[in-house]
Amino acid sequence: MKKSELKDIIGVEEYSLVICEKPEAARKISEALSDNKYKTMKIFNANVFLVTYKKRNYVLCSAIGHLYTLNLIKKRQKLPRYDYSWVPISKSIKSRAKMVNARIKVIEKLSENASEFILACDLDQEGETIGYNILKYACKEKQNVAKRVKFSTLMEDDIKRAFANMDNNININLAYAGLTRHAIDFLYGMNISRALSRAFMTSSKKYRTLSIGRVQGPTIAYVVENELLRETHVPLPFWSINTYINSIKNESGKWIKIHYIEQKILKNKNAKTILDDCKGEQALVEKIEESSYKINPPIPFNLSGLQKEAFRLYKLNPYQTLSIAEKLYLNAFISYPRTNSQKLPHNLDCRRIILELSNLSEFSDVANKLLKKQHVSPTQGKESDNAHPSIYPTGKTIISELTDTEKKIFNLIVKRFLNLFREPSIGKKRDIYFKIGKYDFYTSFKRTTDQGWNENSSKKEAMIDLAVGDELKIKRMKIVENFEEPVSSYNQMTLVQKMEKEEIGTKSTRANIIRTIIDRTYVNGNELTPTELAKALVNTLKNYSPEILSAEMTKRMEENLREIENNTITSEQVIEKTKKDIDSIIKSIQENDKNIGRVLITATDKLNNKPVTNKPLGKCTICQEGNLIITSNSKNRALVCSRSMKDECNMKSPLPKFGYIRIQKNGCIKCSWPKIRTSYKGKPWNFCSNPECKNKERKK
DNA sequence: GCAAGGTC
């Protein structure tokens, strides 16, 4: 294409080039600036928009997320490798090549004639980075002259305000922070993943992709740690008192269940005493408290809110929900779904959307009721997001093209949206306190008086009419034995929530990263239990690169990035430090590659077999009767004799936090406590479990 | 090949 041809297509001599992060944003900005009177042009199969706003010409083009990625420069063998550069994504991902190349070519062409450059990507670190790379590579070094428009929703007012008050520069330090984040993840991920794969290869002569990274690491570790808790769970017993009394005085009315104030009684003896003491007694009504309660409507969906609800109601995993939400967004049913925000834009025309939604038969009643209100105002949540508002329906209601599952998600979003404007659910509560002998019991009743938004609010439950001083017959009282349950395995939803809580990954990547670790056979599909490979990997990395298994790495990195953003440290300084860390990790992995390889291969051999069940560690070498078991909490673990629970044996010993534990056949020759065999930094290590034993060489 | 982060 020649310059003159491009000029013909665009039709104006002078223009500012506006660079957006995604096609939808370019269109929305064009609409907002031009009162919908913009011109659409197709260049290399990509949409470009021309608008005239306040007598200036703007040509709007868009990326499709990142157009550039990091790449190793040459094929070389030796690790570590630090020779990276930014290249068009097409070079590393073939399937996206055409689309990305087309976008880059369009921007290159348009930048040749542009008199001004304006960055309009999302208002966050990645947005600034995406824009920086486009300005630097596609626009040929315009990152220092480009201007920046800042808006946090794609509403007309916000966009116009942003164009009236644009910054004279992009936030270059924020872009540097973003570039550094990419570099750190790339260098850590590539080098350590490769080092592990090679260690595997030295022992097996077969290639196997082993991966690890700043987010994968802790995520795998959470699954492994959780499983360790489950495997070493000791189901301690506890007791509760199951009590029913008559519901009316001196008559044979319905039975009601009442609760002893202690839900869990830790000693059977105590439960028995209570039962004995209560024999022959009556339940005396001691106190009645009445109160009313209010349940406010729910808050707007952000992505994780939607994922949680879709999982709860339909067992859709977060990845499925995100995929469906993306499709709904691309077909204009809903707003942008990859958002943290729980707030609707303040100037959203909610009434119009409600009116459109009233066309849906399922929601017409609720919508029509809302439309009768004088004004509608939604609830708002706490979370916010600079780049996007919460998820809401756009008002498009032609749902015949949607599959059943897509309809479910769409309906969930519509229902939530409408509920935001409805009245709270109100009810009454009555708490009744009893004395049986000297023991305290209670029960409570709820009754909804105005269900408001909450159609599922508890149906009218009978409020038992009792008065203080009433005495009621005990109909049944017995002791029930229960056992402490182990923690649950993660599923895809709870693992996403764990990642969210620990602040690793992002709304757009968490569900994907879980898929990656499933693909790598680190964790099993539905109930996310770790495979032997994951356990071996985590144990290995604990020795050689513990930081990559911990969310602390992300925290420290983000502190560094903030410093880059504030210009108190340079990107180069941070990357130099990263390289030093990687140097020593790679060195120690290489020095122990045979050991590491052997451990990983042994683990992969077990992948197709049934996982080894918690086999007994052997008889206690002190009392010769109990079994040795490992107990643990989230911080420590210990070797104990099963009889120590009943104080019949005093074998209790702290264990090293990590590593596979084996017990030697014979006890210590000095003190006869069990001897433990484990490995420390890849080397076998034997020691006596007795903390007091003089014949020991314990390590910290 | 390997990461994590955007987006179609």
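Since the structure is predicted, the reported quantities are computational estimates derived from the model, not experimental observations. Side chains are part of it too, since the values below use all heavy atoms of this structure and drop only hydrogens, waters and symmetry mates. Labels below follow one simple rule: chain letters A, B, ... track the order of the sequence lines, proteins then strands, and each chain is numbered from 1.
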Which pairs pass salt bridge (Lys or Arg N to Asp or Glu O under 4.0 Å) with one or both residues in residues 392-412 of chain A, sequence neighbours excluded?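 For residues 392-412 of chain A: A:Lys327-A:Glu406.
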With a non-hydrogen cut-off below 4.0 angstrom, is [X] in contact with a base, only sugar-phosphate, or nothing?
X: A:Arg520; answer: sugar-phosphate
X: A:Asp122; answer: sugar-phosphate
X: A:Leu196; answer: nothing
X: A:Tyr68; answer: nothing

In this structure, how many angstroms lie between the [atom2] atom of [N] and the [atom1] atom of [X], rounded?
X: A:Ile220; N: B:dA3; atom1: CD1; atom2: P; answer: 10 Å
X: A:Arg181; N: B:dA3; atom1: CZ; atom2: C1'; answer: 9 Å
X: A:Gln216; N: B:dA3; atom1: CD; atom2: P; answer: 5 Å
X: A:Leu179; N: B:dA3; atom1: CG; atom2: P; answer: 20 Å
X: A:Ile548; N: B:dC2; atom1: CD1; atom2: C1'; answer: 11 Å
X: A:Met557; N: B:dG5; atom1: CE; atom2: C1'; answer: 10 Å
X: A:Glu326; N: B:dT7; atom1: CD; atom2: C1'; answer: 8 Å
X: A:Ile73; N: B:dC2; atom1: CD1; atom2: P; answer: 20 Å

[atom1]/[X]: more than 12 non-hydrogen atoms of other groups inside 6.0 Å:
X: A:Lys39; atom1: NZ; answer: yes
X: A:Glu503; atom1: CD; answer: no
X: A:Lys382; atom1: NZ; answer: no

Listed once per pair and sorted, the side-chain hydrogen bond (donor to acceptor under 3.5 Å, both in side chains) pairs that draw on [range], sequence neighbours left out:
range: residues 17-32 of chain A; answer: A:Lys22-A:Asp122, A:Lys22-A:His388, A:Glu24-A:Lys28, A:Arg27-A:Tyr38
range: residues 547-569 of chain A; answer: A:Arg214-A:Thr554
range: residues 169-180 of chain A; answer: A:Thr180-A:Ser571

Between [options], spot the one nearest the side chain of [X], thanks.
X: A:Thr506; options: B:dT7, B:dA3, B:dG6; value: B:dG6
X: A:Arg338; options: B:dC2, B:dC8, B:dG5; value: B:dC8
X: A:Ile513; options: B:dC2, B:dG6, B:dG5; value: B:dG5
X: A:Lys507; options: B:dC8, B:dG6, B:dA4; value: B:dG6
X: A:Met190; options: B:dG6, B:dA4, B:dC2; value: B:dC2
X: A:Ile64; options: B:dA4, B:dC8, B:dC2; value: B:dC8
X: A:Val215; options: B:dA4, B:dC8, B:dA3; value: B:dA4

Identify, residue by residue, the members of [range] with a heavy atom below 4.0 Å from DNA chain B, and return them in order of residue number, or none.
range: residues 123-143 of chain A; answer: A:Glu126
range: residues 576-587 of chain A; answer: none
range: residues 18-25 of chain A; answer: A:Glu21, A:Lys22, A:Pro23

Partners meeting ring-ring contact (aromatic ring centres under 6.0 Å, His included) with [X] (sequence neighbours left out):
X: A:Phe410; value: A:Phe333
X: A:Phe186; value: none
X: A:His182; value: A:His66, A:Trp86
X: A:Phe311; value: none

Would one find a side-chain N or O of A:Thr509 under 4.0 angstrom from OP1 or OP2 of B:dG5?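 Checking B:dG5 against A:Thr509, a side-chain N or O does come within under 4.0 Å of OP1 or OP2.
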Only counting residues at least two apart or in another chain, list the ones meeting salt bridge (charged side-chain N to carboxylate O under 4.0 Å, His left out) with A:Lys594.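 Scan of A:Lys594 (salt bridge (charged side-chain N to carboxylate O under 4.0 Å, His left out), adjacent residues dropped) gives none.
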